Every structure is written in C-alpha cells, then in structure tokens.
Chemist: 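Structure in structure tokens, see below.
One is the number of the first residue; the rest follow in order along the sequence. What you see is a predicted model; the values in this text were computed from it and never measured. Start at 1 and go down the list; that is how both ligands and their atoms are numbered.
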Amino acid sequence: MSCHYGLDKVPQVMKPFILMNSEGWPGIDRAIALLQEGALSLDVVEESIRLTESEERVKTVGFGGAPNAMGVMQLDASCMRGDTLESGSVGAIENVMHPISVARKVMETLPHVMLVGAGATLFAREVGFQETDILAPSARARFELECPPAGDRPLVENFISPNTQGSHGTVISLVGDAHGCLTGGVSTSGWDFKYPGRVGDSAVIGAGLYVDNRYGAVACTHCGENAIRASLARTVMLYMQKGAGVREAVTEGLLGLRALVGGYQGQLVIFAVDNQGEVFVGKRFSDGTPLHALFWNSTMPEAQMIDAIAAE
Ligand code: ASP
C-alpha cells in the first residue's frame, strides 16, 4: 500500500501522530514504535487495534468484550483511509478475534463498504480468518451475573424500560504518518448485552468514524445510537472543512445533539485531530467519570494523557 494523493489538497503532516482513547493502552506503545520506523498509518491503525482486541482486560472490545442478550459475541469495526476515502466495515460479526482486520479486508478486496451478520462472518471465513470462540471467561461470568436469562419472556422486554442504560466502550485509533497519510479505525463489542443484531456507530462510516486527509480524522465513542442519528463524525468533519478548528468543530458537533428529541439519549465522546496534528476530545452528557485519551506525536518521548472537555 502506498499513499495516494487523489484529493485536491495534499496535507503536510509535519509530524507523525497517534490519538487513541484509554481503551487503546495495549496498542499505543507498539503503534508509536511502528510510526518511528516509518510505518504507514493503515498498518499502525490495524496493529494498535488488534492488540486491544485480543486483550481480555479491555471489557468493551474483541476478546473480553461483552456478548449480546443471548450470550453471543457480535462485534463491530471499521477503518477509513484519508487519502482515498476508501473504507470498510463489519457489523455484528461473530467468531472472529480481529474484526478490524476483516473491515480492512472488506475495504481492500470487495466492491462493498459494509458487511453485517452472517455475511460478514462468511466473508471472514472465505478469506481465511480463523473462526474462534471469542466469549472470554470473564465476559461469560459478567453476562451470567448481569443479564439474567429471559426464560419465556421476549428479549425485547430487557430494552423497553425508560431506565435502560447502555454500558459500553470502543477502541479508537487515529493516525497520521510520515508520508502525509491519515487513517482511522474503531472496534467494539458495542452496547453490553444488546439486542441481537444491534449494530452501533463503529460500523457506520460517517457516524463513528470519518477521515479525510484534507482536514483530519474524527471518531466517536459511547452512545452509538445518537452518533448514527446525528451522522456525527462526518458532521464534525464538515465543520473542519468549513474552516473550524478541531475544538470548535467538536463542540459544534456535540451541541448539535440538542436537536435529538425522543429515543434513547446517552453520553457521547468525540475525538478529533486535524491534518496538522492539533487534537481535541469533547464529551456530552458525561456521567462524571473522567475520560481521557492518549496522544503522541514525534516530538514527544511518550504518549500524553488528554482530558475530554465537556460541552454543554
Ligand atoms: N459507540 C459504541 C456503540 O454504540 C460503544 C461505545 O463506544 O461505548 O456500539
């Protein structure tokens, strides 16, 4: 893979960088080492996310993530190249340890962008991904404790209470490389004990992820339903396209969520970096838990923590 310059405005990424959220801790050091060796951003994104996907201690992504309401692991992931706007995603994929790699493979081998459910799993099998049970022992124990069997009750009854709370998380990785290329990726097990077949924003390009070399890279975490309703990542990018800095663009994106009326409303976090490596992380409807991201660029000896700023 090389970097393409098909777009009308070639960015000058001065320093390679990586922005991950706190779930990215298993992958950040390896990602920095790869960037220091001159690796391409797509490879760095994939590797940083793979390391998180196989880490059982991350309770919201890949192995270690939460199953759906039937105890079945269904994962979402996507990736996007900022030089060509090529993208790939999988939703509700089963029995695969590395959905980010399947998403990349969709992008690189199919004329499609998004595969979901049985088709995504079939594709993974056909192109050689090993099928494996990815319900970790700790996740099975959590499911048995926190999601009592429905018995004869319809599963839907788990979801109709106005107090239904989504508990979830995602790993995000937004990378600029020494070749002037931006790439982003996200991966998640989604809403803990979700309704089977539920697909969140991480699989939806424009909602949970958007990358464009001309402007920057944006990813969202937390309430994917709201990010989908607002086309949030693309909306933030549009503010950047129209000249807003990253902080202003993220804040406008978050304040725009005021237009959502009805339905489930939950916390949202937006991670954005422009093509010069300026970074901002904003949140809305915070439950008070401090949220931070990990950011590194080639002038720094190691990754720094960045706090998410509330926009209200
Ligand atoms: N946005 C993810 C989803 O809705 C989960 C999260 O990031 O908390 O599936």
Chemist: Could you list which atoms of ligand 1 come closer than 4.0 Å to a heavy atom of H222?
Modeler: 1 (N), 2 (C), 3 (C), 4 (O), 5 (C), 6 (C), 7 (O), 8 (O)
Chemist: Using a 6.0 Å cut-off, check whether atom NZ of K105 has over 12 heavy atoms from anything other than its own residue.
Modeler: no
Chemist: For atom 8 (O) of ligand 1, which protein heavy atom lies nearest, and how many Å away is it?
Modeler: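 It is H168 ND1, 2.6 Å.
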Chemist: Please classify the E23 to ligand 1 contact at 4.0 Å (heavy-atom distances, strictly less than): side chain, backbone, both or neither.
Modeler: neither
Chemist: Would you sort out whether E225 and R198 count as a salt bridge (Lys or Arg N to Asp or Glu O under 4.0 Å), showing the intermediate values?
Modeler: CA-CA 10 Å; E225 280 68 11; R198 180 264 187 190; 2.7 Å; yes
Chemist: Kindly confirm or rule out an N or O of T170 lying under 3.5 angstrom from an N or O of ligand 1.
Modeler: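 Yes, at least one N or O pair falls under 3.5 Å.
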Chemist: If you measure from the Lys or Arg side-chain nitrogens to the Asp or Glu carboxylate oxygens, is any gap between D274 and R247 under 4.0 Å?
Modeler: no
Chemist: Could you say whether the N/O atoms of G224 and ligand 1 ever approach to under 3.5 Å?
Modeler: yes
Chemist: Would R104 and D43 satisfy salt bridge (Lys or Arg N to Asp or Glu O under 4.0 Å), going step by step from the backbone distance to the final call?
Modeler: CA-CA 10 Å; R104 178 176 178 173; D43 295 328; 2.8 Å; yes
Chemist: Check whether any heavy atom of G169 sits under 4.0 Å from an atom of ligand 1.
Modeler: yes
Chemist: Looking at atom 9 (O) of ligand 1, what's its closest protein heavy atom, distance included?
Modeler: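 Its nearest protein heavy-atom neighbour is R198 NH1, 2.7 Å.
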Chemist: Can K194 be said to touch ligand 1, with heavy atoms closer than 4.0 Å?
Modeler: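 No.
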Chemist: Could you check which of D201, T188, T221 puts a non-hydrogen atom nearest to atom 3 (C) of ligand 1?
Modeler: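 Going through D201, T188, T221 one by one, D201 has the nearest heavy atom to atom 3 (C) of ligand 1.
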Chemist: Judged by modelled atom types alone, do S138 and E56 share a side-chain donor-acceptor pair under 3.5 Å?
Modeler: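 E56 and S138 do have a side-chain donor-acceptor pair below 3.5 Å.
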Chemist: Would you say Q130 has more than 12 foreign heavy atoms packed within less than 6.0 Å of its CD?
Modeler: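 No - once you tally the heavy atoms of other residues, nucleotides and ligands closer than 6.0 Å, there are 12 at most.
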Chemist: Apply salt bridge (Lys or Arg N to Asp or Glu O under 4.0 Å) to the pair D192 and R142, showing each step before the final yes or no.
Modeler: CA-CA 10 Å; D192 288 8; R142 205 151 49 92; 3.2 Å; yes
